[in-house]
Amino acid sequence: MTAMRLLRIDESTRREHYFLSDDDTCYYFGEYCARRGVAYGITSSLVHDLLELRDAAIPKQEFRKDRALSRVAQWLGSAFDPQSLPLATFVPLPKSGCGILTDDDDRMYRILRRSGEGLDIRKMLELAKGGAALDVGSVRSGPDVLYENLRVVQSLTEPRPRAVFLVDDVLTTGANFIAGKRRLLQAIPEVPVFGLFIARKTLDSGAILGR
Amino acid sequence: MPAPALRIVYRAGAATNPRVDFLASDEISPHVELGAYEWLWLNSAHSYAEMTELFQRAPGLLPSEIVAADAARSTAQKAVTELGRAGVAGFSLRIHGSLDYPGRLRDTQHPVELLYAQGWLDLLDAPRTVCVVGTREITEKGARRTKKLVELLVDKRCVIVSGLDRGVATVAHETAMAAGGTTIAVLSTPLSAHDPRSDQGLRRRLAAEHLLVTGVPVLAYDAADERQRKMHGVERGRIMSALADATIIVEAGAISSAVGQAEAALRMGRKVYILNGCFDQPGVTWPTRLEAAGAIRVRSFDQIARALRK
């Protein structure tokens, strides 16, 4: 497989993720632009397969979830330079910090595990309130609220990472990323922190299934 | 073996935005690609054929990788300003080399490196797409046929691709929307320009609720002469047929851009259907010629319905 080129949030897309500033470097594979509950695009349908709530009534759902997981893992593997990959530290962004309904907080961790041998993956961020979702009113909360709800697992900050990729499935407002980055920089201020997403949600797309 | 040193390079023109050398290939900044591609249209290529040749000599490279960074950035700014002036609030790009570039576009003779779009981008990858084309001077009978055909196609869950011209295209888009279907309009102008012959209200609705796409660059179009505008029209037809599984000609006179488009579709290995009525026009020879080249003469709509069931 040839190398995969990631896209980067730039001046043409940043205003759709309005908590991001031009100091933030965020990468993504493609756009999430599903509407009317259907996804056709390669990244949109993958996000659907991945995030769809578990439902025994949907045939082959487990198979599709697993296939989507493997596909993203493969993309990640081919987007990074194998030589410098071991120098990066991957940190999954904890979910449900904003009351998102999800049945599988661990998916980004599992994707990373499948991406390659010897990858440095650390669950360095966790929810301060033991994973309890905030009240529904904070679904659209900004980075400040999310930041208060996050904490760094100190024991995992050593050995000191050389660069951190905060990994999440879909980039929406950027609040989650900003909160995570701010928390991390408190604990490891000298380390560059980047964002890595499967897709960025376009402003006019519909709600993301399963979120 | 000591671990290789971590390199963090700062991109020209974006000093605050460090890029880490972790990636297997350089990442893609849509804004910079837009500028580089627009710059190439202004300075290095004046036709789709020349543009294709340029990229054939630089296989696997992005526009930004053959254009100076500051030239790309300043041209991008000009293009964005121009789009803003024309009232294009939001738009998306599909860039050759990125994961979500529609691969079917590569089937055309001179595939565009950049596709400009507004609206529901996912429609580009919808499983069933049919292009409905024909004359601008539509007859009442032609309009009835177009309407009936599009209703059938929407019922079979096809996405309708057409060109936003008056005549067949307008009826096709409007019928698809009225029937609760989805539709893609391919423009022969950039997103920043309006074809005075097409319906602006319809265009706004398509951009908001469906999909508008074009391969025509923003800045170079202003200086385009009659010949180049015609060239954009021809390319538009090829993009339409490339995006669709099949192209259907509803009604067209002796000389029509739909015919050239159908020929291109056949070359791409796409199916072409011609409604029976086209064959009955005195002095019009293209239907039999296209039929000989592989197009299918449609005697009844059942024929299309059966083909879609497969």
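Residue numbering restarts at 1 for every chain, and letters A, B, ... go by the order of the sequence lines.
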* Hey, which residues of residues 97-107 of chain B are touching chain A, say heavy atoms under 4.5 Å apart? -> B:G97, B:S98, B:L99, B:D100

* To do: Check A:N176, A:D24, A:D23 against A:K181 for a side-chain hydrogen bond (donor to acceptor under 3.5 Å, both in side chains) and give me the one that passes.
  => A:D24

* Would you mind checking which part of A:A199 comes under 4.5 Å of any heavy atom in chain B, side chain (CB onward), backbone (N, CA, C, O), both or neither? => neither

* **Flag, side chain of A:R114 to backbone of A:Q74, donor-acceptor distance under 3.5 Å** => no

* Structure fact -> Smallest heavy-atom separation, B:S92 atom then B:L121 atom, equals CB-CD2, 3.8 Å

* **B:L243 side chain reached by B:C131 side chain, heavy atoms, under 4.5 Å** => no

* Where on B:A208 is there a heavy atom nearer than 4.5 Å to chain A: the side chain, the backbone, both, or neither? -> backbone

* Asked: Taking atom CZ of B:R203 as the centre, does the number of heavy atoms from other residues, nucleotides or ligands within less than 6.0 Å exceed 12?
  -> yes

* Side chains of B:F22 and A:Y27: closer than 4.5 Å at any heavy-atom pair? -> no

* Using non-hydrogen atoms and a 4.5 Å limit, figure out which bit of A:A79 sits close to chain B: side chain, backbone, both or neither. => backbone

* So which of B:D122, B:D125, B:I28 has the largest heavy-atom pair count under 4.5 angstrom toward chain A? -> B:D122

* Would you mind checking which part of B:Q77 comes under 4.5 Å of any heavy atom in chain A, side chain (CB onward), backbone (N, CA, C, O), both or neither? => neither

* Crowded around A:R67 CZ? As in, over 12 foreign heavy atoms under 6.0 Å? -> yes

* Asked: Is a donor on one side and an acceptor on the other found under 3.5 Å between the side chain of A:K60 and the backbone of A:R64?
  -> no

* Residue A:E31 versus chain B: region with a heavy atom under 4.5 Å -> both

* **Leading residue by heavy atom contact count with chain B [cutoff under 4.5 Å; candidates A:G30, A:C33, A:S12]** => A:C33

* Asked: Centres of the A:F194 and A:F177 rings: under 6.0 Å?
  -> no

